[in-house]
Amino acid sequence: MAYSDKVIDHYNEPRNVGSFDKNDDAVGTGLVGAPECGDVMKLQIKVENDQIVDAKFKTFGCGSAIASSSLATEWVKGKSIDEAMSIQNTEIVEELSLPPVKIHCSVLAEDAIKAAISDYKSRNNSETAEG
Amino acid sequence: MSEVSSKSFSCEGCGAKLVSCLFCFDCSSLQSISEESDYFSALGISSEFDVDPDLLEEKFQHIASELHPDFYLNSTPQEKRLSERASTLLNQAYDTLKDPFKRADYLMSLKCKNVKWNDRVLPPTFLQEMFTLQEELDEMLENQDQQGLLKMREVLENRFQDLESGLLPSFRMLDSVEEPETVLEKLQMNLNAERYLRRLLDRIKIEETT
Amino acid sequence: MSETIIGIDLGTTNSLAALVNEDGPEIIGPPEDPCMIPSLLSRNGSRWLVGEEAREHLIASPANSVYSVKRLMGRGFEELEEEIRELPYQVEEAQRKLVKIRIGEESFTPQELSSVILSRIKQKAETHLEKPFEKAVITVPAYFDDAQRQATRDAGKIAGLDVVRIINEPTAAAIAYGLDEKKQGYVAVYDLGGGTFDISILELKGKLFKVVATHGDTRLGGDDIDRVLVNLFQKSLLEQYPDLDLEDPSCRQVLRKTAEEVKIALSSSIETEYTLELPDKGISHKRILTAEELNLLLEPLLKRTFESCSKALSDAGLKKSDIEEVVLVGGSTLVPAVRKGVEAFFGRAPHVAIDPYKVVAIGAAIQGHLLAGGRRDFLLLDVVPLALGIETLGGTFSKVITANTSLPAEESEVFTTHVDQQTSIEINIYQGERELVQDCRSLGQFKLRGIPPMKAGFPLVEVSFKVDSNGLLTVSAFEKRSGTEAQIEVIPSHGLTQMEIDAIMEASFEHAVDDFNRRQLIEFQQSAERVFKGIELNWKVAEEVLSENQRLSIRKQMDVVKQTMTTDDAQILKAELDNLGDLTRPLADSAMGRAVLEELQQQNP
Ligand code: FES
C-alpha cells in the first residue's frame with residue numbers, strides 16, 4: 001500500500017528529537033523498552049498548568065518506533081495530561097498504517113507517554129513516594 | 001511442577017516406535033506432521049533444557065539426510081511436499097534448539113502453555129542502563145572509537161555468558177516447584193535482557209563490517 | 001543406471017556442462033571438443049551464432065553481438081543505467097521497467113538470450129552423449145536474489161530444459177572440492193567470476209555440506225578488471241589523440257578484447273606489451289603494462305571483495321583463523337594479484353587444485369547425480385542469501401525471513417484490513433539487507449484477493465513465505481477466521497510472467513528445432529542426401545563391381561529411404577539408412593568407390 005507523505009515524513013524527518021533536563025520538576029520522563037526486539041525509547045514532556053507544552057524523544061529502534069514516537073510527541077503537545085493519558089497505540093497504528101509485525105513499536109510509544117506522565121505526577125505529588 | 005515427559009510417536013505405516021516424529025527409520029517413510037510434532041520430537045531428543053550440542057548435531061545430520069527434498073525428486077507430489085515441509089520443520093527445530101536463549105523461550109512456552117506470567121520483566125534500572133549504553137555507543141560510532149567498541153563488545157559478550165549460565169539452574173528449579181510463575185519470570189528476565197544486549201552487539205557488528 | 005541430470009555452469013564469460021559417469025564427474029565431450037563455450041552471442045540474419053563462432057563477429061559487428069548477459073538477468077532498467085552505458089550493444093526499457101537487448105529490428109529479453117546459450121550447450125551435450133535429456137542442475141552466484149534465480153530458471157525453461165535444481169556456484173565448488181579432498185571443518189569459497197563475486201563459508205561435517213554464511217556482490221567480477229584496463233587504455237589514447245571518439249562500438253570492442261588479452265598475459269608474466277589497433281582511424285597505439293601496475297589498479301576492487309569476506313565471517317560468527325581452507329573459484333582468480341590478496345587476507349595460501357574454470361560445473365554434475373538417485377554420500381544444505389521481507393511504514397523494510405536461514409524455510413505473518421468490507425490486500429515484497437526498501441530489490445507486488453468482507457481489522461490473513469530448496473520464494477495466504485484460501489496474484493518486478501514465457505517459447509524458432517528427434521531427423525536426412533549423391537556419382541563403378549541383383553536392391557532400398565525421409569521418425573530413418581549402408585558396402589570396399597566410402601563413413605561412424 002502507499003503511505004501518506006506525512007507518514008514518510010515522520011520517518012525521514014522525525015520531529016522533536018532531543019531531551020530536557022530530567023531533574024526539572026516541570027518535566028516528566030518515560031523510559032520504555034520492547035522486549036520483543038530490544039529497542040529502547042525515551043519520551044519527555046514539559047508541563048505547565050496541567051498542559052503539555054512541549055515534548056521530546058530519543059529512540060534507539062526501528063523506523064516504525066521512531067515514527068511512532070515522533071507522532072506521539074506531536075500529538076501530546078497542547079493536550080492536558082489527562083487527554084494525553086488516553087492516547088491509544090491503535091490510533092498510532094491507524095495513523096501510520098502499521099502492519100501486524102510493527103504493532104509492538106506503537107505500543108512502545110503509548111507506554112512511553114504513560115510512563116512520562118506518571119513520572120511527572122510522581123515528582124509533583126509530594127504525598128506520592130518516589131517510585 | 002512435574003516434568004512433561006517426552007512424547008512418544010509410532011510409525012503410521014509399520015507401527016514401529018519413532019526416533020523422530022518426522023521419519024520412520026524402520027520402514028523408511030515420511031510421517032505426516034501434526035500439532036503434536038514439536039521441535040524436540042522432530043529431532044528425537046527429550047524435552048529438557050540441558051541439550052548436548054554434539055548429540056543435537058548428530059541427530060540433525062542423521063534425520064536431515066533422510067528428509068531432504070534432494071532425495072525425493074522422483075517421488076509422488078505428496079511425498080515431495082511432505083519432504084519440503086518436514087525439512088523446513090527440522091531446520092526450524094535445529095535453529096531454535098541450538099541457541100540456548102531461543103531454546104529456553106521455546107521450552108517455556110511448551111512446558112507452561114497454561115501458565116501466565118509477566119513477559120516484560122526486566123532487572124531494575126536495566127532499561128536506564130541500556131539507554132545509557134546506546135548513547136555511549138552512538139558516541140563511539142561517531143568518533144570511530146575502535147578501542148571503546150572493542151571493549152564494549154567484550155563486556156557485552158561476558159554478560160551473555162552470565163545470562164546463559166543462569167538458565168539451566170532455573171529450569172532445574174522449574175521442575176521441582178509447585179508454583180512456577182516466579183521461576184518463569186526469572187527466566188523471562190534473562191531472555192528479555194538478552195534481546196536488549198543483542199541489539200547493542202548487532203550495532204557494533206554492523207559497524208565492524210562496513 | 002540412474003537417469004541423466006547434467007550440471008550446467010551458466011557463466012558470465014563461459015558456460016559449460018558436466019556429467020557424472022562411471023569414471024566420475026567430467027566435463028561432457030572429448031578433451032578436444034568439450035561442452036564449453038564462451039557466453040557470447042551474435043545475430044546473423046535470423047540465426048544465432050553462439051560461442052566461438054560469435055567471437056569473430058564481436059568486433060566486426062559489435063551492435064549485433066552480446067556478451068555478459070548474465071549481468072542483466074532479473075534486473076530492472078533503472079538499476080542498470082550505469083552498466084548499460086558501458087555496453088556496446090543497445091539495451092532498452094521494456095514493459096514493467098524490464099530490459100531488452102536490441103539487435104537490429106528485434107529485441108530480446110536477457111532470459112531469451114541466456115536460453116540460446118543453454119540450448120547450444122544442450123545440443124552439444126546431446127550430440128556427445130548420443131541421447132536426448134531434459135533435466136539439469138544450473139548454478140547461479142550465491143548472492144543472486146530471487147528475481148535473478150527466477151530469470152535463470154526461466155531461461156532454462158525456454159531452452160527446453162527441466163531445471164531440477166538451482167544451486168549456488170561456490171556451493172557447487174565446495175561439493176567438488178570437499179568430496180575430492182575428504183576435508184572436514186570450515187571452508188571458505190572465494191568465487192570471482194566474470195561478472196559476480198561471491199564468498200561462501202561452509203561447514204563440512206560428516207556427510208553434511210552446510211552453508212553457514214554467504215555474501216557477495218553481483219556487480220563485481222572479471223569484467224570489472226577488464227573495465228579498469230579499458231579505462232586505462234582510454235586515458236592513454238586520449239592523451240595522444242584528444243579528439244578520438246571512444247564511444248564508437250568497434251573501438252570499445254577492441255579495447256575490451258585487448259584488456260582481456262593483457263589480463264591473461266599478466267597472469268603468467270611480470271609485464272606485457274600491448275597494441276591498440278584501430279585501423280579505420282589509422283591508430284596503432286603501443287604501450288607496456290607491468291603486473292605491479294595492474295595490482296595497484298585492482299586494489300580498490302579487491303578491497304570490496306574482502307569487505308564481503310569480513311561480513312560473511314562475522315555472520316557465521318567465525319574468525320579468519322577458524323577457516324581450514326580457502327578454495328578459489330572463477331577465471332578471475334587466476335590473476336596473481338587476486339591470489340596474493342586472498343592469501344594476505346586469510347593468512348593462508350588458497351587451494352587451487354581443481355581447475356577454477358571447471359569446478360563449478362563439476363560440482364553441479366555431482367549434485368545432479370545425487371538428485372538422480374545415483375548416490376547418497378553427501379547432503380547439501382544451503383541458505384537464504386539475502387533477507388526476504390515486506391515494505392512497511394514509510395518505505396522501511398521489515399524482514400520476514402532473515403539471511404542465512406537454512407533451506408527449505410518458511411515463515412508466516414498475519415495481516416489484516418484497514419477499511420470495512422475490504423476484500424483485498426496488497427503487499428510489496430523485497431529482498432535485501434538494508435533498512436529502506438529503496439536500497440533493497442523489489443521482487444514483486446502480491447495482491448491477496450478473495451478475503452471475505454468483514455469489519456476492518458477483523459480478518460486474520462496469514463501469509464506464508466516459503467523458500468524452497470532452490471532458494472525460490474512462493475507466497476500463499478489463508479484467512480483464518482473464515483478458513484478461506486486467499487488468491488494471490490504475483491506481479492514480478494523484474495521477471496517474466498508465465499504468459500510471457502509461454503509466448504516466448506511458442507515464438508522461439510530455436511526451441512522448435514531443439515527437439516532432439518527433429519534435430520536428428522534433419523541430420524539423417526542430410527546424410528541420406530549425401531549418400532544418394534555418392535551413389536549416383538559412383539554408379540558407373542557400381543555397374544562394374546556389383547551384380548545386377550545387388551544394384552537392384554540398392555535402388556529399392558534407396559526408395560525405402562526416400563519414403564522414410566518424409567515421415568518424422570528419426571530412428572526408423574537411421575535403421576533404413578544403415579540397411580542401405582550394408583548394401584553399398586561392396587561398392588565402398590572397392591578402391592574406386594572410395595568417395596562413396598568416405599561419404600558413408602561420415603554417416604556411419
Ligand atoms: S522493531 Fe523494535 S520497536 Fe520496532
Side-chain angles (χ1 to χ4, degrees), chain B residues 22-23 28 30 33 42-43 53-75 77 79-99 102 149-150 153 156-157 160 198 201-210, chain C residues 2-3 5 135 137 162 164-165 167 203 205-210 213 215 306-315 317 367-384 401-402 404-412 433-435 464-470 472 474:
Chain B
L22 301 175
F23 189 79
S28 293
L30 291 164
I33 295 167
L43 278 156
D54 290 335
L55 179 74
L56 185 71
E57 182 67 37
E58 190 188 306
K59 291 273 190 183
F60 173 69
Q61 281 208 24
H62 188 51
I63 302 164
S65 348
E66 292 298 338
L67 297 182
H68 200 273
D70 277 1
F71 303 122
Y72 293 87
L73 195 70
N74 290 320
S75 308
E79 277 184 309
K80 274 193 202 173
R81 222 174 305 128
L82 203 51
S83 132
E84 286 273 352
R85 283 191 59 201
S87 296
T88 305
L89 183 67
L90 187 74
N91 285 340
Q92 287 167 340
Y94 176 71
D95 284 340
T96 306
L97 298 189
K98 105 185 143 185
D99 178 286
K102 287 189 197 159
L149 288 172
L150 224 63
R153 191 186 170 136
L156 290 174
E157 271 161 3
F160 281 122
R198 176 79 52 202
L201 190 65
D202 285 347
R203 283 186 73 195
I204 298 178
K205 277 194 182 160
I206 289 171
E207 167 66 17
E208 280 171 355
T209 55
T210 48
Chain C
S2 54
E3 70 183 314
I5 300 182
K135 295 188 173 173
V137 172
D162 175 8
V164 292
R165 184 69 89 236
I167 65 169
E203 189 184 8
K205 204 190 251 174
K207 281 163 65 175
L208 228 55
F209 287 58
K210 196 163 186 281
H215 205 268
F306 299 136
E307 278 161 13
S308 281
C309 294
S310 303
K311 178 85 174 71
L313 280 167
S314 134
D315 284 352
Q367 177 69 15
H369 192 214
L370 175 109
L371 290 169
R375 68 199 303 157
R376 284 185 87 106
D377 57 342
F378 74 97
L379 173 64
L380 171 65
L381 284 181
D382 222 319
V383 296
V384 178
I401 296 182
T402 54
N404 298 320
T405 304
S406 292
L407 295 177
E410 179 179 349
E411 286 299 333
S412 51
E433 289 300 313
R434 304 278 296 276
E435 280 271 323
S464 307
F465 299 77
K466 281 189 199 130
V467 188
D468 69 10
S469 336
N470 296 308
L472 291 174
T474 49

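The sequence lines fix the lettering, A, B, ..., with proteins before strands; numbering per chain opens at 1.
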Would a 4.5 Å heavy-atom cut-off, applied to side chains only, mark [X] and [Y] as touching?
X	Y	result
C/Val467	B/Thr88	no
C/Glu410	B/Leu89	no
B/Pro69	C/Arg165	yes
C/Thr405	B/Gln92	no

Report which part of [X] has an atom under 4.5 Å of a heavy atom belonging to chain C: side chain, backbone, both, or neither.
X	answer
B/Tyr72	neither
B/Asp70	both
B/Glu57	side chain

So, taking the atom named [atom1] in [X] and the one named [atom2] in [Y], what distance separates them when rounded to the nearest 0.5 Å?
X	Y	atom1	atom2	answer
C/Leu371	B/Leu73	CG	CG	5.5 Å
C/Lys466	B/Arg85	NZ	CZ	7.5 Å
B/Ile204	C/Ser314	CD1	OG	11.5 Å
B/Ser87	C/Leu379	OG	CG	8.5 Å
B/Phe60	C/Leu208	CZ	CG	6.0 Å

Do you know the tightest heavy-atom contact between C/Phe378 and B/Phe71?
->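 C/Phe378 and B/Phe71 have their closest heavy atoms at O-CZ, 4.1 Å.
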For C/Arg376 and B/Ser65, work out which heavy atoms get closest and say how close.
->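 Where C/Arg376 meets B/Ser65 most closely, the heavy atoms are NH2-O, 3.3 Å.
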Does B/Asn91 use its side chain to pair, donor to acceptor, with the backbone of C/Leu407 at less than 3.5 Å?
->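 Side chain of B/Asn91 to backbone of C/Leu407, a donor-acceptor pair under 3.5 Å: yes, one is there.
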Give a yes or no on whether the backbone of C/Lys205 and the side-chain of B/Gln61 come within a donor-acceptor separation of less than 3.5 Å.
->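 Indeed, once roles are kept as given, a pair shorter than 3.5 Å links the two residues.
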